[in-house]
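Take a look at the structure set out below.
The basis for the numbers below is simple: all heavy atoms, side chains too, and nothing from hydrogens, waters or symmetry mates. Model, not experiment: these values are computed from the prediction.
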Amino acid sequence: MLSRLYLWEGVNASSQKCHGISIHKAIIPSHLVMQSLKVIWIFQRQKNIALRWLKHTLQLLEHHSLSDTCQLLRSLKHPLSAALTQHLYSTLEEGHTLSDALNQLPCLFPASIRRCLKIAEQCNQVHTLGLQSMADYEQQRSFKKSIRQKLSYPVLLFIAVLFVFIGLLEYLIPSMNDLYQDTQLKPPAIIHSLLTIRDHLGSIGIIVAIIASLSITLLKYHWQSCLKHTKSYQSYLLGEWMHCLSHLLLASIPLPIGLSHAAFALPSSWRKKCESVKATLLQGHSFSKATRDLPGMTPLLEESLTLGEVNNTLANTLSFLARQLRQNLIAKQKRMLKKTQT
């Protein structure tokens with residue numbers, strides 16, 4: 001189902017022009033006299049515009065405060081970019097943050113970026129972590145696009161072969177069979193077999209049988225890929241959690257509080273696991289033991305965390321392990337791309 005946004009512009013009681021963006025028509029300010037209301041359907045183009053706006057915002061935050069950044073963003077002329085700037089300005093006036101403004105527009109901004117920005121605000125590293133999360137998102141999107149491009153050729157080839165096979169069954173093979181009958185010669189066994197199968201099943205039946213057998217093969221391969229993807233995805237989430245937690249610890253945030261904040265960088269299914277880690281830690285157990293049952297955790301990672309605790313370098317150890325997990329994921333993706341090429 002397509003999402004949509006409402007770009008509105010109106011005049012308040014002081015005759016001042018106001019404009020903004022709303023995800024629902026019901027939350028458009030009712031005290032304004034509306035001058036224009038435009039519905040925007042959300043496609044990939046609108047998402048790209050929003051991501052470019054966010055990247056520009058994060059780049060400005062390197063040298064400016066968030067309020068000054070809003071003033072600088074007012075120079076953007078695109079209607080969606082201008083509406084996003086006004087939306088951010090209104091959200092800040094209400095005492096909320098950048099991540100709160102993005103969470104109000106989930107159809108434009110990916111959940112991974114919104115969660116990471118929530119952590120970045122806790123660490124006071126919105127510029128650094130925000131741009132890094134956007135770079136990671138672009139890399140994952142580029143990988144998925146490459147996979148689709150690699151798979152488009154075999155799909156088109158299969159469709160072309162299917163049409164050729166239909167032509168053979170319907171026109172060429174019957175013509176060859178008639179030619180053999182006219183010359184009173186016995187047709188080859190393959191022609192006789194194909195005609196017999198066609199007479200019993202029909203051309204459509206044969207095509208359905210071919211598609212069904214191919215679908216079963218693809219489903220089996222897809223199931224195996226899903227199992228591998230699940231393990232890779234859990235390792236990816238573990239790396240993201242370690243990455244966010246390391247930044248929180250480097251920002252001198254205590255470990256129990258950091259665990260609560262780092263949980264927001266992950267999907268909701270992981271938050272209960274993070275809470276169990278915090279509960280185990282508060283019972284007096286070590287961090288490496290508390291994280292032993294997390295998905296994607298291996299004995300090698302557990303041993304590294306133990307060394308980090310002993311040497312009092314847990315934050316740096318988490319950062320190093322997060323980089324390793326990310327590099328392993330990139331290496332797996334490159335191997336997958338090579339397989340699709342062959």
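- Among residues at least two apart or in separate chains, there is no salt bridge (Lys or Arg N to Asp or Glu O under 4.0 Å) pair with a member in residues 275-288.
- Side-chain contact between L84 and L76 is absent, with no heavy-atom pair separated by less than 4.5 Å.
- Between L259 and C274 the shortest side-chain heavy-atom distance does not fall below 4.5 Å.
- Residue pairs meeting the salt bridge (Lys or Arg N to Asp or Glu O under 4.0 Å) criterion with at least one member in residues 53-73: none, sequence neighbours excluded.
- Rounding to the nearest 0.5 angstrom, the gap separating the CG atom in L105 from the NE2 atom in H87 is 4.0 Å.
- Identified under the side chain to side chain donor-acceptor pair (under 3.5 Å) test for residues 244-253, with sequence neighbours left out: Q125-H247.
- Annotation: the span from H243 atom NE2 to S319 atom OG amounts to 7.0 Å, rounded to 0.5 Å.
- Side-chain contact between L108 and L5 is present, with heavy atoms from C-beta onward closer than 4.5 Å.
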Test side chain to side chain contact (heavy atoms under 4.5 Å, CB included) applied to W241 and L238, step by step
CA-CA 5 Å; W241 179 74; L238 181 63; 4.1 Å; yes

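- In this structure, the salt bridge (Lys or Arg N to Asp or Glu O under 4.0 Å) partners of E138, at least two apart in sequence or on a different chain, are R141.
- Listed by chain and number, the residues in a salt bridge (Lys or Arg N to Asp or Glu O under 4.0 Å) with R52 amount to none (sequence neighbours excluded).
- The side chain to side chain contact (heavy atoms under 4.5 Å, CB included) search around A135 returns none, not counting sequence neighbours.
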Could you pull out every donor-acceptor pair under 3.5 Å between side chains of residues 301-310 and any protein atom, sequence neighbours left out?
residue	atom	partner	partner atom	Å
E302	OE2	R292	NE	2.9
E302	OE2	R292	NH2	3.0
S304	OG	L300	O	3.0
T306	OG1	S288	OG	3.1
T306	OG1	E302	O	2.9
E309	OE1	S288	N	3.2
E309	OE1	S288	OG	3.2
E309	OE2	F287	N	2.6

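- By the rule that hydrophobic residues join a cluster once side-chain heavy atoms approach within less than 4.5 Å of another member, L250 and L131 end up as members of separate clusters.
- Across A315 and L249, no two heavy atoms sit closer than the pair CB-CB, 3.7 Å.
- Closest approach of C123 and L248 over heavy atoms only: SG-CD2, 3.2 Å.
- Every side chain to side chain contact (heavy atoms under 4.5 Å, CB included) that L92 has, sequence neighbours left out, goes to L66, C70, L88.
- Annotation: Y6, atom OH; neighbour count of heavy atoms from other residues, nucleotides and ligands within 6.0 Å is above 12.
- With contacts defined as side-chain heavy-atom distances shorter than 4.5 Å, the pair T298/S235 does not qualify.
- A distance of 11.0 Å separates CG of L255 from CD1 of I253, quoted to the nearest 0.5 Å.
- Checked against side chain to side chain contact (heavy atoms under 4.5 Å, CB included), H285 has the following partners two or more places apart in sequence or in another chain: T280, Q283, K289.
- For CG of N312, the number of neighbouring non-hydrogen atoms (other residues, nucleotides, ligands) closer than 6.0 Å is 12 at most.
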Report the C-alpha distance between L58 and T69 in whole Å, list the side-chain angles of each, state the deciding distance to 0.1 Å, and finish with yes or no for side chain to side chain contact (heavy atoms under 4.5 Å, CB included).
CA-CA 9 Å; L58 294 172; T69 298; over 6 Å; no

Please walk me through it: do Q324 and N328 pass side-chain hydrogen bond (donor to acceptor under 3.5 Å, both in side chains)?
CA-CA 6 Å; Q324 291 296 316; N328 291 339; 5.4 Å; no

List the steps, then state whether side chain to side chain contact (heavy atoms under 4.5 Å, CB included) holds for Q86 with R74.
CA-CA 8 Å; Q86 180 62 35; R74 290 182 182 276; 3.5 Å; yes

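- Under the side chain to side chain contact (heavy atoms under 4.5 Å, CB included) rule, S99 has a single partner from R114, Q104, E121, which is E121.
- Closest approach of I49 and S81 over heavy atoms only: CG2-OG, 3.7 Å.
- For R326, the salt bridge (Lys or Arg N to Asp or Glu O under 4.0 Å) test picks out D136, E240, with sequence neighbours left out.
- Of all the heavy atoms in L51 and P110, the pair that sits closest is CD2-CD, 3.9 Å.
- Residues satisfying the side chain to side chain contact (heavy atoms under 4.5 Å, CB included) test with S67, not counting sequence neighbours, are S65.
- Residues S286 and L281 approach most closely at C-CD1, 4.0 Å, considering heavy atoms.
- Note: I113 CD1 to Y137 OH = 6.5 Å, rounded to the nearest 0.5 Å.
- A single hydrophobic cluster is not seen to contain both Y89 and W53; linkage of ILVMFWY side chains at heavy-atom distances under 4.5 Å, directly or through other members, places them apart.
- Taken from CG in L54 to OG in S133, the straight-line distance is 7.5 Å, to the nearest 0.5 Å.
- Atom CD1 of residue I40 and atom CZ of residue R45 lie 9.0 Å apart, to the nearest 0.5 angstrom.
- In terms of the salt bridge (Lys or Arg N to Asp or Glu O under 4.0 Å) criterion, residue partners of K118 (sequence neighbours excluded) are, by chain and number, D100.
- L98 and L129 are members of different hydrophobic clusters when ILVMFWY side chains are connected at heavy-atom separations under 4.5 Å.
- Between L117 and G130, the shortest heavy-atom distance links the atoms CD2-CA, 3.8 Å.
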